[in-house]
Amino acid sequence: MRVGVADTTFARVNMGAIAIDELKRHASVSVERYTVPGVKDLPVACKKLIEERRCDIVMALGMPGGKDKDKMCAHEASQGLIHAQLLTNHHIIEVFVHEDEAENDAELAWLAEQRTREHAVSAIRLILAPKELERDAGTGQRQGFADAGPARR
Ligand SMILES: Cc1nc2c(=O)[nH]c(=O)nc-2n(C[C@H](O)[C@H](O)[C@H](O)CO)c1C
């Protein structure tokens, strides 16, 4: 299995290194890394990881800032990532950590690491163990902060 890891220099946490560490803990995977300046550069990086570097799945790691123009960039990047998935017929797991989700730097670093690690496990499950995802269907899983849990009557 070959996993693509696309990340950015804009991010304030080395999300690419965290993703690679977590991927290698769970499976014998080869990893292709591609670092770009910011989130809007991720869609083409992911498409190239799939088409040119033959990745089975890609993680797109990014950190949108807290300003309105950053949120607009994140939305545009997200649309590009969906488009790249449809063009390539491969999953691209979007792992965005918005700077304003956290109260301070320590929480931001914790959240970025936690969300990245949990999504790395999801990426492996999507390709190697889809039944494990099926088992968790409807359980209110969240990546980073606590799981929401299932809704009860
Ligand atoms: C305004 C802005 N905000 C962000 C952001 O919040 N997070 C991020 O990763 N990148 C941002 N960028 C940079 C763009 O995504 C992109 O790297 C540049 O427009 C160059 O293509 C820009 C230009």
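Remember, it's a predicted structure, so these values are computed and weren't measured experimentally. Both ligands and their constituent atoms are indexed starting at 1 by order of listing.
Nearest protein heavy-atom contact of atom 18 (C) of ligand 1 is D41 OD2, 4.1 Å. The protein heavy atom nearest to atom 13 (C) of ligand 1 is G38 CA, 4.2 Å. In this structure, the protein non-hydrogen atom closest to atom 19 (O) of ligand 1 is K40 CE, 3.9 Å. For atom 1 (C) of ligand 1, the closest heavy atom belonging to the protein is D70 OD1, 3.3 Å. At the shortest separation from atom 9 (O) of ligand 1 among protein heavy atoms lies V39 N, 2.9 Å. With respect to atom 22 (C) of ligand 1, the closest heavy atom belonging to the protein is C73 SG, 3.6 Å.
Counting only N and O atoms by type, the side chains of Q79 and H83 include no donor and acceptor under 3.5 Å apart. Remark: the E51 side chain and the T88 side chain contain no N/O donor-acceptor pair separated by less than 3.5 Å.
Shown in contact with G65 at under 4.0 Å from a heavy atom are these atoms of ligand 1, numbered in order with element: 5 (C), 6 (O).
The shortest side-chain heavy-atom distance between R12 and E99 falls under the 4.5 Å cut-off.
Contacts between M63 and ligand 1, counted as non-hydrogen atom pairs separated by less than 4.0 Å, involve the backbone only.
Among the atoms of K69, none of the N or O lies under 3.5 angstrom from an N or O of ligand 1. Residue-to-ligand polar distances keep P37 apart from ligand 1: every N/O pair is separated by 3.5 Å or more. Note: no N/O pair closer than 3.5 Å links F10 and ligand 1 by distance alone.
Residue E101 comes nearest to E107 through the heavy atom pair O-OE1, 4.3 Å, listed as atom of the first residue, atom of the second, then distance. Shown here for S78 and F96, the closest heavy-atom pair between the two residues is N-CE2, 4.4 Å. Nearest heavy-atom pair, C46 versus I92, reported as atom, atom and distance to 0.1 Å: CB-CD1, 3.6 Å.
Under 4.0 Å is where a charged nitrogen must lie from a carboxylate oxygen, and between E118 and R115 no such pair does.
Remark: the backbone N or O of V29 is paired with a side-chain donor or acceptor of K24 at under 3.5 angstrom.
Residue-ligand proximity: G62 is placed with every non-hydrogen atom at 4.0 Å or more from ligand 1.
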